Amino acid sequence: MNIKKVGELLVEQKLITQEQLLEALDLQKVFPDQPVGQLLCKLGFIKENDLSLLLDQKNKRRKLADILLANGILDQQKISRAREASKQQNISLEQALLKLKYIDDETLSKAIASQYDMPFIQINPSMLDLSLARYISAVYAQKQRIAPISKIGNTLTLAMAQPLKAHDTRELEDSIRLKLLSVIATESDIAAAIKRLYNIETGKTESQAVELSIDLGPDSIVDLLSKTGDGDEPEVAEETKKVTEKDSVIVKLVNKIIYDACMNKASDIHIEPYPGKNDVVVRTRVDGQCSIYQRIPYKYKFALPSRLKIMGDLDIAERRKPQDGKIDFKKFGPLDIELRIATMPTVGGLEDVVIRVLASGDPISFDDLGLTDRNKSVFMESLTRPHGLILVVGPTGSGKTTTLHSGLAQINQTNRKIWTAEDPVEITQAGLRQVQVNPRIGFTFAAALRSFLRLDPDVIMVGEMRDEETASTAVEASLTGHLVFSTLHTNSAPETVTRLLEMGLDPYSFSDSLVCILAQRLARRLCKECKLSLTPSKDEFDELVDEYGREEFAATGLSLDDVSMYSAVGCDSCGHSGYRGRLGIHEVLECTNDLKILIKRRAETDLVRNQAATDGMTTLKQDGILKVLQGLTDIHEVRRVCIK
């Protein structure tokens, strides 16, 4: 798509002529740091108001992040982290930058002024003429974060933290019958000006309010832990009383643990108290690996679980049996996330707590799943089928739901009605009708699936086949003209076939309905910042070839000269682990006619596997080795997640 530049748009809108544009472009060769729009204004070819209106309408303004990067104020890493915090906390990028203390109020305001080609000024409240207050009402000034700071003739100078929209400016000019000159100032200066002009407290400015709302204790976790002195072995009753206090250190401590885990992209948090005067160990799982986040003094061993149980609406007095629930964290802290909590009684009258962080969000791109050309082709062809059964299998936490949603995104169109039953709903998509099952009230996957069939769907996704009833209903649905997606906890694609037959499925119906099975694992991806290139020796290469299978490897056409391998090193970017992020390792079993015959005969897993290999399937281990030879991960990771 051809993206038009500002000058071309101005000519197209007949705001300037082609000759005027060429003159401005010649001048830009002398002043390369000046945008062509500003040069056109300085040459008198266009009014600043007309230029500003076009930039806003066509979304042609420079991004704030680009200005901060270009001026060397921030680097890309800080911008990325601020964007992530902005998305997680549902605040603007500017507020996230201030909260993270990457930038001060004045520098930010200057960048905003540059972005909108507006003057930046500093306000001295004591010098303001109090009569200016009659032009702008106090309520409107507070709401819009603006303050009148001077009037010369028929022009009122208006200071603002963020530029007003064009129509708001026009309406205000019509209302006060004055021409407005807009300038940018810091929020603190505007708050001081409003206080001076209207003799009222503005309360917290927006950025300050955000800072307070997401302040998990101005202290680090070390500071929080040092707030109480040493003491004797705590009493259960005494410690559980403390957690109900709103200003308790326990409340801040729990919020800090959860906040840090989310910012580090942890999938789980493990609270592990020990008997006696041993520390409470808090571990987090990042990229599938557990590591110790913090050791908490033993005096918190009753208070931490109790606080978490209160947050999850669990029975704080029941310490003898396991409990589970969920936490809507936005009620307690800054992040709008859902947590799953499970408690387990352990020795010494203690309780372990495991918190699962539900990574809600949008589905990832289908191309980013990391499928090989053959696997992508088979899976994509399966997605376009009018009916049938598509399964994604693997252990807990192997990315099955993510893969399913990426596949659904490929066929999520207005001419298809898609229902999903999930537990829980982690990824949302516009166009899907998504429901969350609740086994406690009898709304199981099987019940949801039966209900879906009465709603005239085209595509159905069932979160998991946990029993024969769900599996049978899914097979029946796929045979009656529906495309059905589901997951299963099995080790490989061939084993899935025999597992479902052992569940009691009719082999004839199952073989007719099955389209493909995708098995997957997640291996840690080598950190791009620090991975070290290495040239494998012939012996190392031969070992990989033997592990892959010599005959199968010969079919890939790869040789020692074609491969690029890397090893993990470790740097600040990856927490000195050598790995950052994860990638998928897959095997895709296509249900061919030969395989259907084996299913009808209830063939053993080895026969199913051999037939799938004949049909072109690469095993999980083989797919992992191919990704090792592409330099994406290392063989240690592949061996860790793939048994065979």
Side-chain angles (χ1 to χ4, degrees), residues 5-6 28 30-39 41-42 48 51-52 55-56 59-124 145-147 149 158-164 182-193 204-216 218 220 259-260 263-265 334 527-530 571-575 580:
K5 297 181 179 179
V6 172
Q28 195 178 42
V30 182
F31 302 102
D33 59 331
Q34 289 286 312
V36 71
Q38 284 302 302
L39 292 174
C41 290
K42 289 176 181 177
E48 288 204 7
L51 174 64
S52 180
L55 291 174
D56 290 333
N59 196 25
K60 286 290 184 180
R61 288 205 180 276
R62 287 190 298 166
K63 304 295 184 188
L64 180 66
D66 294 338
I67 294 171
L68 296 171
L69 286 169
N71 293 338
I73 298 169
L74 295 177
D75 56 29
Q76 188 60 58
Q77 186 176 355
K78 287 183 177 179
I79 290 287
S80 298
R81 185 166 183 189
R83 280 190 176 129
E84 187 177 322
S86 166
K87 185 177 179 182
Q88 288 181 339
Q89 301 168 18
N90 195 26
I91 59 176
S92 68
L93 176 63
E94 295 92 325
Q95 293 165 347
L97 289 169
L98 290 171
K99 165 59 190 169
L100 293 168
K101 295 184 172 59
Y102 287 162
I103 195 170
D104 59 54
D105 209 4
E106 183 176 328
T107 305
L108 177 61
S109 294
K110 286 179 178 177
I112 293 171
S114 173
Q115 181 185 17
Y116 288 92
D117 302 313
M118 293 169 62
F120 168 79
I121 57 106
Q122 291 180 316
I123 303 173
N124 184 350
R145 292 157 37 228
I146 59 175
I149 57 173
L158 203 58
M160 53 193 69
Q162 290 281 349
L164 291 177
S182 300
V183 297
I184 296 293
T186 64
E187 290 205 26
S188 54
D189 275 4
I190 290 169
K204 304 278 189 303
T205 64
E206 187 176 346
S207 63
Q208 289 170 327
V210 170
E211 173 126 13
L212 288 177
S213 72
I214 64 176
D215 189 11
L216 307 172
S220 68
Y259 178 82
D260 284 354
M263 296 307 291
N264 291 327
K265 291 186 168 62
C527 175
K528 294 178 182 177
E529 304 294 329
C530 65
C571 64
D572 292 337
S573 204
C574 60
R580 190 176 184 186

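Fair warning: this is a prediction, and the values are worked out from it, not measured in the lab.
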Going by side chain to side chain donor-acceptor pair (under 3.5 Å), name the residues that satisfy it together with Q77, two or more places apart in sequence or in a different chain.
none
One should read off an interatomic distance between D105 CG and D189 CG, to the nearest 0.5 angstrom, of 8.0 Å
L100 versus A82, closest heavy-atom pair with distance:
CD1-CA, 3.7 Å
If you take all heavy atoms of I190 and A161, which pair is closest and at what distance?
CD1-N, 3.1 Å
Who passes side chain to side chain donor-acceptor pair (under 3.5 Å) against N264, sequence neighbours left out?
none
For T107, the side-chain contact (heavy atoms from CB on, under 4.5 Å) test, sequence neighbours excluded, returns I73, I103, D104
Can you name the residues that form a salt bridge (Lys or Arg N to Asp or Glu O under 4.0 Å) with K265, not counting sequence neighbours?
E84
Could you give the distance from SG (C571) to CZ (R580), rounded to the nearest 0.5 Å?
8.0 Å
Residues M160 and I146: closest non-hydrogen pair is CB-CG2, 3.6 Å
Nearest 0.5 Å, what's the CD-CD1 distance between Q122 and I149?
11.5 Å
Enumerate the residue pairs fulfilling salt bridge (Lys or Arg N to Asp or Glu O under 4.0 Å) with a member in residues 107-116, sequence neighbours excluded, ordered by first and then second residue.
E106-K110
Which atom of K78 lies closest to which atom of Y102, heavy atoms considered:
O-CE1, 3.5 Å
What residues, two or more places apart in sequence or in another chain, satisfy side chain to side chain donor-acceptor pair (under 3.5 Å) together with T186?
S188
To the nearest 0.5 Å, tell me how far L64 CG sits from L69 CG.
9.5 Å
CD of E187 to CD of Q162: how many Å apart, nearest 0.5 Å?
8.0 Å
Distance, nearest 0.5 Å, that separates CD1 of I112 from CD of E94:
5.0 Å
When every non-hydrogen atom of F120 is compared with those of S109, the smallest separation belongs to CE1-CB, 3.6 Å
Shortest non-hydrogen contact from A147 to A193?
CB-CB, 3.8 Å
